[in-house]
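Below you'll find the structure, written out as C-alpha cells, and then a few comments.
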Amino acid sequence: MKRFLQHSILLIIILTSHLSLCQVVEVCNNCKISSLKDAISKARDFDTIVVKKGTYKEHSIIVDKPLTIIGENHPVIDGELKGEIITIVSDYVIVDGLHIINVGTSYTEDYAAIRVKRTKHFEIKNLILEKLFFGIYLEKAEDGKVYNNKVIGQAVEEHNSGNAIQLWYSKKIDIQNNNVQHVRDGIYLEFSDDCLIKNNVSANNLRYGLHFMFSNNDIYEDNEFTNNGAGVAVMFSKKIKMLNNVFKENWGTASYGMLLKEINDAEIKGNTFEKNTIGINIEGSNRINYMNNNFINNGWAIKVRGACYSNKFIGNNFLYNSFDISYNSNINDNTFDKNYWSNYTGYDLDKNGIGDVPYRPVKLFSYIVNRTPETIILLRSLFIDIIDFSEKVSPVFTPDNLMDNHPLIKKITW
Amino acid sequence: MLKILKYSFYDLMRSRWSYVYFAFYLLLSVVLLFLNSDLSKAVITLMNVIIVLVPLIGTIFGVMYYYNSKEFTELLLAQPLKRSSIFLGQYLGVALSLSMSLVLGLGLPFIFYGLFRSNAIWDFSLLIITGTFLTFIFTALAFNIALSNENKIKGFGFAILVWLFLAIIYDGLFLMSLIIFEDYPLDKLSLIGTMLNPIDLSRTLILLKLDISALLGYTGAVFKQFFGTNFGLIVSFIMLVLWVIFPVYRIVYKSKRKDF
C-alpha cells in the first residue's frame, strides 16, 4: 500500500511537472513577443502559441517543434508576396484559426500558405487563406487532418496559379469540410493513397474541382463540385470510391462533371450529375461499377471514348439528357441493366415495373456527332429524329448489343 | 392594295381554318404549360413544333387559298386594278392572318403564365419573330408555286415537295456533305449551310439563345461567335428578310406576265 502511494505521488509529481512544462505563449502586436517566428523560437516542445487578433507581417515561418498554434479571432498573417509563409517540419503540429494572405508567386517554386513537409500527425483547421499561390501543400506527410478551411484564390490563368489543397506522396490524410474557390485545382492528389475527402465544397475553380493523379485507395464522398472548369478529374488511379457527390453546372465547351482516365476497379455510387456539358467522360477505364447515380439535364450523360471494358451501369437514373450515352466504336463490353431512362418509350404489359422492350441508349446521331463534331448543329432537326428512329428500329452503326434489357418504368428513388 | 388586303384578311378571319389554327396553337401551349410550368423548357418544345409545322401550314394554306379564291381573283382582274396590288394584297392577307393566329395562340397562354415576369421573354419573342418570318416566307413560296402551276394537284405536290425539301431533305444533304468533307475545316461550310435554309437558320438562332450552345463544342463556339453577336443576329435577320423579299418579288413579276 505504502509503495503504491509512493508510486502514485511520484507519478503525480512527474505529470504536474510535465504539465507545467506545457506553457502557453501569447503573441500580440504590443506584447513582448510580437511575432510568430519569435514565439516559435522561444517555445518549447508541446507548447501552445496563442496568436491574438492583429496583423503580422511575416513569411518563411518554420515550425520545427511539436506546437499548437491557435489564432484568436483569425489574426492575419501577411506574407507580403515574399514567398512561403508557414512550413511545418515537425510531427504533432496543430495550426488553428489563422487568416493567411499574400503568398508569393513563383514560376520555379511552389510557394504555399502552409506547407507540411515529411511529418506525421498534424492538424490544420479553421484557416482562412486568401490571395494565394498554393494553399495547403502536404509533401510526404502522413496521418494528418485538414478540416474546416476556407481557401479563396483569385486565379485567372492556369499557368500562373496554384492549387488550394495539394497532396504529394502523402498517406492517410483526412480532408473534411473545406471550402475551396477560385484557384486552379480545388484539391489535388498526386501519389497519395488512403485519403478521405469528405463534405468539401469546391467551386468556381479554373481547372478541376478535385484532381487525382496516380493515387490509389482513396475515398471521396458527400462533396459538391460546382461550376469548375471540370468537376473532378480522376486519372491513372486504382480502387477509388466516389460516393454521394454532387457535380453541378460544369458547363462550357470543354467541361465535364467527371473525367475518368485509366481508372480501374473504382466504385461510383449515389452521385448526382446535373447540368454538365458531359456528365462523365470515360477513357481507358475498366471494371468500374456505376450504381444509383442521377444524371439530370446534361448534354451527354456519359461519353465513352474507348478502351473501356467490363464496366457495369446498374440502377441509375438518366433524366432529360440531350444524349444519354455516346460511344465512338461499335464494340461493347459494358453492361447496362435496370436503369431508368427518361427517353424510354417502351411499355410494360405485365406491370412488373420493367419495360418489355430493351432500351438502346446510344442514338445514331450521337455516333455521327462523335465522328464529325460539326454535325451537332443539326441537333433537334426533324431529319435527325427520323434517322434516330430508323436506327432504333434496326441498329446498323451503333453497337447492337449495347442495350438495357431491363429498363425501369419508374424513376428510381433511394 | 390595302383594300384587297383588308378583304382577304377579313375573309380569312371569318373562315373556319384560322380559328382551327389559332385553337391548335392555343391548345398546344396551354397543354405544354400545364404539363411543365417551366417557361424556358416549354419554349424548347414549342420550337420543335414551330420549326416543322409553321412552314408546312404556311405552304399548304397559301396554295389552298390561292386556288380557292381563283374565281374571285379573276373577277378582280377584270377591274381597273394593278395586278401587283391584287396579289400582294392577297398574299399579305393570308400571311398576316396566319401570323396573327400563331402570335395570339402562343402568346396568350404564355402571358397568363407570367411571361413578362420571367426571363424567358427574350427567347419567347425570338421564337415568335422567327415563327412569323417562317409564315411569311412559306406563304410567299406557296403563292409562287400556285401562280406557276394551273394544275391544282401539281401545285399541291410541289408545295409539299418544297416543304419536304427545306424541312428534311436539306438537312440530310447537309449532313451527308459534312460527313463526306469531314477531313476539311467545316465551320465555314456549316455556317453557310445553315444560313441558306430559313428553317435551319431559325432553329440555330433559337438553339443558340437557349443554353444548349455549350453542347455544340468547338463548332458551337464558332457559331456562338457569329450568331451570339449583334452582327450575326442582324445578318441572320437580313437573311430571313431576303427570304421574304425574293419570293414576294417573284409573285409581282410572275403575276404581271401571267396570262389568265
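Computed from heavy atoms alone, side chains included, the values below leave out hydrogens, waters and symmetry copies. Chain letters run A, B, ... following the sequence lines, proteins first and then strands; every chain starts at 1.
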* To do: Check each atom of B:I179 against the heavy atoms of chain A and say whether the ones under 4.5 Å are side chain, backbone, both or neither.
  => both

* Asked: Measuring heavy-atom distances to chain B, does A:I278 have an atom under 4.5 Å in its side chain, in its backbone, in both, or in neither?
  -> neither

* Structure fact -> Applying a strict 4.5 Å limit to non-hydrogen atoms, the region of A:N297 in contact with chain B is side chain

* Asked: Using a heavy-atom distance cut-off of less than 4.5 Å, which residues of residues 166-175 of chain B contact chain A?
  -> B:A167, B:I168, B:D171, B:G172, B:F174, B:L175

* Report, as yes or no, whether the 6.0 Å neighbourhood of atom CZ on B:F246 holds more than 12 heavy atoms from other residues, nucleotides or ligands. => no

* To do: Flag yes if more than 12 heavy atoms outside A:L349 fall under 6.0 Å of its CG atom; otherwise flag no.
  => yes

* Measure the spacing between CD1 of A:I377 and CG of B:L178 and express it to the nearest 0.5 Å. => 6.0 Å

* Asked: If you take all heavy atoms of A:R380 and B:R203, which pair is closest and at what distance?
  -> O-CD, 3.5 Å

* To do: Over all heavy atoms of both residues, which pair between B:E182 and A:T372 is shortest? Give the atoms and the distance, please.
  => OE1-OG1, 2.9 Å

